[in-house]
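Within every chain, numbering begins at 1; the chains are lettered A, B, ... in the order of the sequence lines, protein sequences first and strands thereafter.
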There are 2 protein chains.
Amino acid sequence: MVVESALLSDKHIDRLFHALADATRRDIVARLLEREQSVSTLAAHYSMSFAAVQKHVAVLEKASLVGKVKRGREQIVHADPATLRRATRLLTAWEGVWAERVARMDEILAEPPTDH
Amino acid sequence: MVVESALLSDKHIDRLFHALADATRRDIVARLLEREQSVSTLAAHYSMSFAAVQKHVAVLEKASLVGKVKRGREQIVHADPATLRRATRLLTAWEGVWAERVARMDEILAEPPTDH
DNA sequence: CTAACGTACAACCAAATGGTTGTAGAAAGC
DNA sequence: GCTTTCTACAACCATTTGGTTGTACGTTAG
């Protein structure tokens, strides 16, 4: 059974989960889900250098979790909920695999014993 | 708003998503959701060395996505769907943040204009 | 027009990662 | 009891990652 979304390649899923495997990047995503903001506004929340935050944003961009649009001298970063939804769907599909397995076992257990 | 599950520390969530940021490890998880199996049975599916697969299993274990139980000389690996569910809940909660934001904007747009 | 602000990226560094090979021990099968 | 199977892990290596500093360019404000 193919569970992984046909819309995402393995490489893309790699990037997606890798992007979420860091507390700073998760925090960035959480903030952007609340509201879009510029890179430097985001950077102000973290004790690391601006360049470090930029790198995190770049990782999130490559994972399609966020996007950027230029407004004057600022780059405004926004979340991409569609990508988030795809990630959720992938995990939900996996839960489905498990649920099916449990259901099969329940059926087997519910059957009356037969002669061997 | 604190979205991340109170049941998981940041470090644990790091490990969880990092564990899923590799195609081989996702495949291992998918196979184990179907059925538990030994490390060497798992290893037979991949063209890398046994030690490499062992390392992947160790990463999944640290992330609590799988567990191992010794049966004779074999270590039987099984999936831990509870951890999977926690990961799904985290992403679902994030979708909720986005949905709330969209709902707020819809409210604002639905309000009749008022005098300034 | 200039200073300040905001951003991009190169180069660097230490640590982590993913894979290999080799060694060793436990358990099963003959 | 010995061979085979299964597993664990150390040591190694190349690559990637996460952070820093420094330089440079575009845009805004005065």
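- For the pair A/H56 and D/dT17, the criterion of a side-chain N or O lying under 4.0 Å from OP1 or OP2 is not met.
- Here the C1' atom of nucleotide D/dG18 and the CG atom of B/D10 are 16 Å apart, to the nearest Å.
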Report task. Any chance you could lay out the side chain to side chain contact (heavy atoms under 4.5 Å, CB included) test for B/V39 and B/F50, step after step, and finish with the verdict? Result -> CA-CA 8 Å; B/V39 180; B/F50 177 81; 3.7 Å; yes
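- Considering all non-hydrogen atoms of both residues, B/V29 and A/W94 come closest at CG1-CZ3, 3.8 Å.
- Taking side-chain N and O atoms only, A/S40 has a distance below 4.0 Å to OP1 or OP2 of C/dT7.
- For C/dG6, the OP1/OP2 oxygens have no side-chain nitrogen or oxygen of A/Q75 closer than 4.0 Å.
- Computed from coordinates, the B/R15 CZ to C/dG18 C1' distance equals 18 Å when rounded to whole Å.
- The A/S49 side chain lies nearest to D/dT20 when the options are D/dT20, D/dT7, C/dG22.
- Note: A/L91 CG to B/L84 CG = 5.5 Å, rounded to the nearest 0.5 Å.
- Proximity of B/H18 to the phosphate of D/dG18: no side-chain N or O atom is located under 4.0 Å from OP1 or OP2.
- Contacts of B/T24 with the nucleic acid, taken as non-hydrogen atoms under 4.0 Å apart, are absent.
- By the 4.5 Å heavy-atom criterion applied to side chains, A/H56 and A/Y46 are not counted as neighbours.
- Atom CG in A/D14 sits roughly 10 Å away from atom P in D/dT17 (whole-Å rounding).
- Rounded to whole Å, atom P of D/dT5 lies 17 Å from atom CD1 of B/I76.
- Taking both residues in full, the closest heavy atoms of A/A52 and A/M48 are given as CB-SD, 3.6 Å, listed atom of the first, atom of the second, then distance.
- Between B/D22 and A/K55, the residue anchored closer to the 5' end of DNA chain C is A/K55, taking for each the nucleotide with the nearest heavy atom.
- Nearest nucleotide to the A/M48 side chain, out of D/dG19, C/dG22, D/dT7: D/dG19.
- Between the CG atom of B/L42 and the C1' atom of D/dC6 there is a distance of 13 Å, given to the nearest Å.
- Atom-to-atom, NZ of B/K62 to P of C/dG18 comes out at 12 Å; the value is rounded to the nearest Å.
- Nucleic acid contact for B/R25: sugar-phosphate only, since backbone atoms but no base atoms lie under 4.0 Å from a heavy atom of the residue.
- Close to C/dT7, at under 4.0 Å from its OP1 or OP2, lies no side-chain N or O of A/Q54.
- The closest donor-acceptor contact from the side chain of A/S38 to the backbone of A/E74 lies at 3.5 Å or more, if one exists at all.
- Taking for each of A/E74 and B/S38 the nucleotide of DNA chain D with the nearest heavy atom, the 5'-most of the two is the partner of B/S38.
- Between the P atom of C/dG6 and the CZ atom of A/F50 lies a distance of 9 Å, rounded to the nearest Å.
- Using a 4.0 Å cut-off, no side-chain N or O of A/K70 falls inside it from OP1 or OP2 of C/dG6.
- In this model, no side-chain donor or acceptor of B/R73 finds a partner on the base of D/dT7 within 3.5 Å.
- Among the nucleotides C/dC9, C/dT21, D/dT17, the one closest to the side chain of B/A51 is C/dT21.
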